[in-house]
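This report refers to the structure that appears directly beneath it.
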Amino acid sequence: MPDTARPPRHVLILGGTTEARRLAAGLAAGLAREPVVGEPVAGAESVLGRGSAVAPAPVPALRVTSSLAGRVAAPRLPAGEVRIGGFGGPEGLARWLREHAVDALIDATHPFADTISHNAALAAATAHVPLLALRRPGWVPGPGDDWHQVTSLDEAAAALPALGSRIFLTTGRMGLSHFAHLADLWFLVRSVDAPEAPHPPRMEVLLDRGPFTVEGERALLRDHRIDVVVTKDSGAAATAAKLTAAREAGVPVVVVRRPPVPDGVPVAANPDAAVHWLREVFSEADSPDSPDSH
């Protein structure tokens, strides 16, 4: 029998993505309640491997806290408790995990937020808190795509002069300094908030937030006479329309590859798989052989 007097399990989600909001909403709505015995869990294979996609023990009541970095002026707030701002590095995050009795940590940040992901790995190891990375799958080129894959924004900037002169830059406002020296190129920069210097001298800013449509992206490429698109491999469906529009128009796309997840951190491809991981983690913690069960 589970201990009904035990306080709710505390899950901290490092958020800011669509997947983070969906996970927080699902957990807050009780999707982690006791499952049907033998019920398959969508996406579980990406976490536990083949043959493991069956929901195990029930998850007790949850307290869900989402942490947002605070880099967007008006963020979309998730369900549950919300905190905004940094932790002060891995030591600060480890201290927060201990002081707030966090039972599981889910890194659902942007695939390119590698600093916080590495901080989360260090903090989780220090505080002895289970950690999961929630990462949507990356984009995959298809027939007709003219992709030029690079490993950094500096490599992306170096590739541009040989590809075109009118650039649609969709890598976010934080990395514009990497393109500031390209005075001979014209940039259309799309971001949620207005960028700050340093940035390319010949630049037009388009403040907008996805999801975007293929029709709208076609018009944008045509009206601004775009001949190169630059994007990070965020993998988001909300921003993938530009790839289809570029393929149709024969426009090359410079794709910055995402950094790897820290070594040893399990990965879930979607919120369903993250829920399954939570069930597994809490079931193991409640087992008679676990130190946490005594």
Side-chain angles (χ1 to χ4, degrees), residues 6-33 59-136 172-175 191-194 196 209-210 234 236 238 259 261-262 265-268 270-275 277-279 281-282 285 292:
R6 183 184 58 200
R9 300 282 194 183
H10 190 187
V11 178
L12 175 62
I13 302 172
L14 305 178
T17 60
T18 299
E19 290 76 20
R21 290 189 294 274
R22 289 175 178 168
L23 177 61
L27 295 178
L31 289 187
R33 65 187 183 279
V59 173
L62 294 179
R63 173 189 172 194
V64 181
T65 301
S66 294
S67 179
L68 308 180
R71 293 181 177 177
V72 177
R76 296 170 177 170
L77 297 180
E81 302 176 34
V82 179
R83 69 172 301 280
I84 297 178
F87 290 94
E91 298 84 2
L93 177 53
R95 183 167 54 252
W96 201 97
L97 294 174
R98 289 191 294 260
E99 291 177 352
H100 293 81
V102 172
D103 297 288
L105 175 61
I106 298 180
D107 171 17
T109 56
H110 192 276
F112 284 83
D114 52 332
T115 298
I116 184 60
S117 294
H118 282 85
N119 287 349
L122 292 172
T126 299
H128 304 289
V129 172
L131 169 64
L132 175 77
L134 174 54
R135 293 288 186 273
R136 65 179 80 114
R173 65 187 178 92
M174 304 299 291
S191 63
V192 176
D193 295 321
E196 300 177 355
R209 190 200 306 255
S234 64
V261 172
V265 177
V267 179
N270 54 56
D272 284 342
V275 171
W277 176 82
L278 284 172
R279 287 171 172 157
V281 165
F282 294 154
D292 296 336

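Residue numbers start at 1 and run along the sequence shown.
Counting heavy atoms from C-beta on, the side chains of Arg9 and Leu278 never come closer than 4.5 Å. Here the side chains of Val11 and Phe282 are in contact, with some heavy-atom distance below 4.5 Å. Residues Asn270 and Arg22 fail the side-chain proximity criterion, which asks for heavy atoms closer than 4.5 Å. With contacts defined as side-chain heavy-atom distances shorter than 4.5 Å, the pair Arg21/Ser66 does not qualify.
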Apply the test side-chain contact (heavy atoms from CB on, under 4.5 Å) to residues Leu68 and Leu77: give CA-CA distance (whole Å), side-chain angles for both, the deciding distance (0.1 Å), then the verdict.
CA-CA 9 Å; Leu68 308 180; Leu77 297 180; 3.9 Å; yes

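Side chain of Asn119 to backbone of Gly89: no donor-acceptor contact under 3.5 angstrom is found. A donor-acceptor pair is defined here as one N or O able to donate and one able to accept, closer than 3.5 Å; such a pair exists between the side chain of Arg136 and the backbone of Ser234. A donor-acceptor pair under 3.5 Å is absent between the side-chain atoms of Arg63 and the main chain of Thr65, judged by distance alone.
The aromatic rings of His100 and Trp96 sit parallel to each other, their planes meeting at less than 30°, with 60° as the upper class boundary.
Considering all non-hydrogen atoms of both residues, Pro271 and Leu134 come closest at N-CD1, 3.9 Å. When all heavy atoms are compared, the tightest approach of Pro259 to Asp114 is CG-CB, 3.8 Å. When all heavy atoms of Ala133 and Val261 are compared, the pair lying nearest together is CB-CG1, 3.9 Å. Here the closest heavy-atom approach between residue Phe87 and residue Leu12 is recorded as CZ-CD2, 4.3 Å. Across all non-hydrogen atoms, the minimal contact from Ile13 to Ala108 is CG2-CB, 4.0 Å. For Ala121 against Leu131, the heavy-atom pair with the smallest separation is CA-CD2, 3.5 Å.
Just one of Leu97, Asp103, Leu62 meets the side-chain contact (heavy atoms from CB on, under 4.5 Å) condition when paired with His10; it is Asp103.
Here the CZ-OG1 distance, from Arg76 to Thr17, works out to 11.5 Å after rounding to the nearest 0.5 Å. Leu23 CG to Leu132 CG: the interatomic distance, rounded to the nearest 0.5 Å, is 9.0 Å.
Asp107 and Arg135 are joined by a salt bridge, as a carboxylate oxygen and a charged side-chain nitrogen come within less than 4.0 angstrom of each other.
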